[in-house]
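The structure under discussion appears below in the form of structure tokens.
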Amino acid sequence: MRLEVFCEDRLGLTRELLDLLVLRGIDLRGIEIDPIGRIYLNFSTQAFDTFSSLMAEIRRIPGVSDVRTVPWMPTEREHRALSALLEALPEPVLSLDMKSKVEMANPACCALFGQDADKLRNHNAASLISGFNFVRWLESRPVVSHTEHVVINGQNFLMEITPVQVEAEDSGETVPGGAVVMLQSTIRMGRQLQNLNNHNVEAFSQVVAASGAMRHVVDLARKVAALNAPLLIVGETGTGKDLFARACHMASPRAEKPYLALNCASIPEDAVESELFGHAAGAYANATEGKKGFFEQANGGSVLLDEIGEMSPRMQAKLLRFLNDGTFRRVGDEQEVHVDVRVICATQKNLVELVQKGAFREDLYYRLNVLTLNLPPLRDCPQDIMPLTELFVARFADEQGVPRPKLSSELSSVLSRYNWPGNVRQLKNAIYRALTQLEGYELRSQDILLPDVDASVMPVGDDVMEGSLDDITRRFERAVLVQLYRNYPSTRKLARRLGVSHTAIANKLREYGLSSRKAEE
């Protein structure tokens, strides 16, 4: 039987409780005292009359406010909860004392080492897990966890050892009293990450959309994701076309089915048909067995055809037929195959211009251009630059195991002025490169390498060519100064970049009204 006694903190009260048990010859099995004013008693089962009399006597003790029966002592409840947790954990877990001797092991740990819990308690951790000095680590009085890669029975594990802190009775200080070791299988971690990617609750959670333009695209993408019609995603290189394609798949009813992607520009012409539609046995010299193509493998799911503008006219015709009725033939096979696949296409090229030049089938263009997402370049979404920067800094710092650096005050203005020809991908790579070479705890603008945009590749339209040679030259000169002034925000830096005097640059900026505009900014 177990009792919970509600009482005040009074000297001698616990002794009076124990005297009542002694006078009745009751065998006490356990006692626990809670600092908040509760005492728990565990004793042998008593007859009803004896138990009723005992309860009445306890209530008459000065300082006792109430007493009631409970099913468990606090430590029993905690022990059972901990045991249930350890048994449910798929990861092997060990508890060690200060000499690295095993005190407790969960069922997953017993299965890993092929021994029951009693036998494991006779081992030191070093005899089970080689390559790490447990005793030395414990003697160093650690206060934080340590992570180590270990190999056990030919399997790779990420070992996380966490010190157990206890309070010393003499000084009241917190000191290590042992450690808990958790072994995480790298294979299982990889599967978990893959499942996480394939079953994302919020498909568009990885898309940063602080700007109005990007929020509009995300809202539209959520709507078209649930549809079955072909989807065309258009945007410059590095704008996130693959990210949106995967998000649209994950937000669709096809999320549980496969998602496959094929880059039409990276595969030789003679291999594209086999990759998409598969081939029969004997279709090629070395094809001893048949092979399913992307469309057949992704049946029920989605297929991304990246750089669709690079697809050859022959493959365009085959793709058009497949989009019309969902049927195709494997290479070298006469049998028709029907699948249910949503086709998502992505391109950075202007398909209308390709159609006008005869490089892309007009009927295929209209078949693909049913639902369209136009991804804006990063330079048109300056509000997204710093949220993306903060995201990449946090992600790469965590991946590299370094503290997340503070972002300097001038970083936002410098990054926002840059043109970002490579868009989000360029920003991502620039942040990654900066963190790998960062010294100190602050990320500054000079830590991020931003190459100049070559003025020779600046677009020259009809409006630029209007007027006399002097007008065209002045217009082009002003465009160059505007572009470079974003990356060299002082007249001295700009003068040094262009190899002219500070006075000459100041006069040019004043002539084109750029210095006053800079002051307003």
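Predicted model only: the values in this text are computed from it and were never measured. Heads up: numbering here begins at 1 and tracks the sequence.
- Side chain of S408 to main chain of L443: a donor-acceptor pair is present (N/O by atom type, distance under 3.5 Å, no hydrogens or angles).
- Looking at R342, its side chain never comes within 3.5 Å of a backbone N or O of G301 through a donor-acceptor pair.
- Residues L435 and P405 form a side-chain contact, since some pair of their non-hydrogen atoms from C-beta on lies under 4.5 Å apart.
- In this structure, H249 contributes its side chain and L260 its backbone to no donor-acceptor pair below 3.5 Å.
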Side chain to side chain contact (heavy atoms under 4.5 Å, CB included) between C248 and L231, worked out: CA-CA 9 Å; C248 287; L231 174 62; 3.9 Å; yes
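- The backbone N or O of R425 lies less than 3.5 Å from no partner atom in the side chain of N423, so there is not a single donor-acceptor pair.
- Using a 4.5 Å heavy-atom threshold, the side chains of V303 and L262 count as separate.
- Annotation: the span from I344 atom CD1 to F244 atom CZ amounts to 12.5 Å, rounded to 0.5 Å.
- By the 6.0 Å contact criterion, NZ on K292 is open, its count of non-hydrogen atoms from other residues, nucleotides or ligands being 12 or less.
- Between R254 and N228, some side-chain heavy-atom pair lies under the 4.5 Å cut-off.
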Stepwise side chain to side chain contact (heavy atoms under 4.5 Å, CB included) test for L351 and N369: CA-CA 10 Å; L351 294 185; N369 193 30; over 6 Å; no
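- Summarising the geometry of V341 relative to G300, their closest heavy-atom pair is CG2-N, 4.4 Å, with the distance given to 0.1 Å.
- Rounding to the nearest 0.5 Å places SG of C345 at 6.0 Å from CG of L319.
- Within the 4.5 Å cutoff, no side-chain heavy atoms of V393 are placed close to those of E390.
- The aromatic rings of F277 and F328 are tilted relative to each other, their planes meeting at an angle between 30° and 60°.
- Within the 4.5 Å cutoff, no side-chain heavy atoms of L227 are placed close to those of V370.
- The aromatic rings of F392 and F396 sit parallel, their planes meeting at an angle under 30°, below the 60° perpendicular limit.
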Audit row: L438, V402, side chain to side chain contact (heavy atoms under 4.5 Å, CB included) steps and yes/no: CA-CA 10 Å; L438 183 63; V402 298; over 6 Å; no
Criterion side chain to side chain contact (heavy atoms under 4.5 Å, CB included) on F360 and K349, from CA distance to verdict: CA-CA 11 Å; F360 199 84; K349 292 191 173 183; over 6 Å; no
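- Considering only residues two or more places apart in sequence or on other chains, V352 meets the side-chain contact (heavy atoms from CB on, under 4.5 Å) condition with N350, Q356, Y365.
- S445 and E410 are linked by a side-chain donor-acceptor pair at a separation below 3.5 angstrom, with hydrogens and angles left out of the test.
- With contacts defined as side-chain heavy-atom distances shorter than 4.5 Å, the pair L276/L305 qualifies.
- Nearest heavy-atom pair across P142 and W137 is CD-O, 3.2 Å.
- Going from atom CG of N507 over to atom OG1 of T491 covers 10.5 Å, rounded to the nearest 0.5 Å.
- Counting non-hydrogen atoms of other residues, nucleotides and ligands closer than 6.0 Å to CZ of R492 gives a total of 12 or fewer.
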Stepwise salt bridge (charged side-chain N to carboxylate O under 4.0 Å, His left out) check, K241 with E236: CA-CA 9 Å; K241 296 185 289 294; E236 296 180 6; over 6 Å; no
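- With a 6.0 Å radius and a threshold of 12 heavy atoms from other residues, nucleotides or ligands, H216 has its NE2 atom at or below the threshold.
- F322 has its side chain within reach of V343: a pair of non-hydrogen atoms, C-beta onward, lies under 4.5 Å apart.
- Rounding to the nearest 0.5 Å places CD of Q400 at 10.0 Å from CG of D398.
- Not a single donor-acceptor pair under 3.5 Å links the side chain of S274 to the backbone N or O of A271.
- The side-chain heavy atoms of V181 and F134, taken from C-beta on, include a pair separated by under 4.5 Å.
- The backbone N or O of L415 lies less than 3.5 Å from a partner atom in the side chain of W420, making a donor-acceptor pair.
- In this structure, CZ in R433 is found 9.5 Å from CD1 in I448, a value given to the nearest 0.5 Å.
- When all heavy atoms are compared, the tightest approach of P90 to A108 is O-CB, 3.5 Å.
- A side chain to side chain contact (heavy atoms under 4.5 Å, CB included) with M182 is found for one member of I161, L94, L89 and no other, namely L89.
- Side-chain N/O atoms of D384 and S211 include a donor and acceptor closer than 3.5 Å.
- Nearest heavy atoms, A213 versus C381: CB-SG, 4.0 Å.
- In this structure, S145 and T162 approach most closely via the heavy-atom pair OG-OG1, 2.9 Å.
- Remark: Y432 OH is loosely packed, at most 12 non-hydrogen atoms of other residues, nucleotides or ligands lying under 6.0 Å away.
- Remark: side-chain polar atoms of N299 are paired, donor with acceptor, to backbone N or O of D340 under 3.5 angstrom.
- Counted by atom type alone, N324 and R321 present zero donor-acceptor pairs between their side chains at under 3.5 Å.
- Looking at Q316, its side chain does come within 3.5 Å of a backbone N or O of M311 through a donor-acceptor pair.
- The closest donor-acceptor contact from the side chain of N153 to the backbone of L112 lies under 3.5 Å.
- Each of D219, V224, L220 was scored for a side chain to side chain contact (heavy atoms under 4.5 Å, CB included) with R222, with one residue passing: D219.
- In terms of heavy atoms, A229 sits closest to L371 at CB-CD1, 4.0 Å.
- S490 contributes atom OG, which lies 7.5 Å from atom NE2 of H502 (distance to the nearest 0.5 angstrom).
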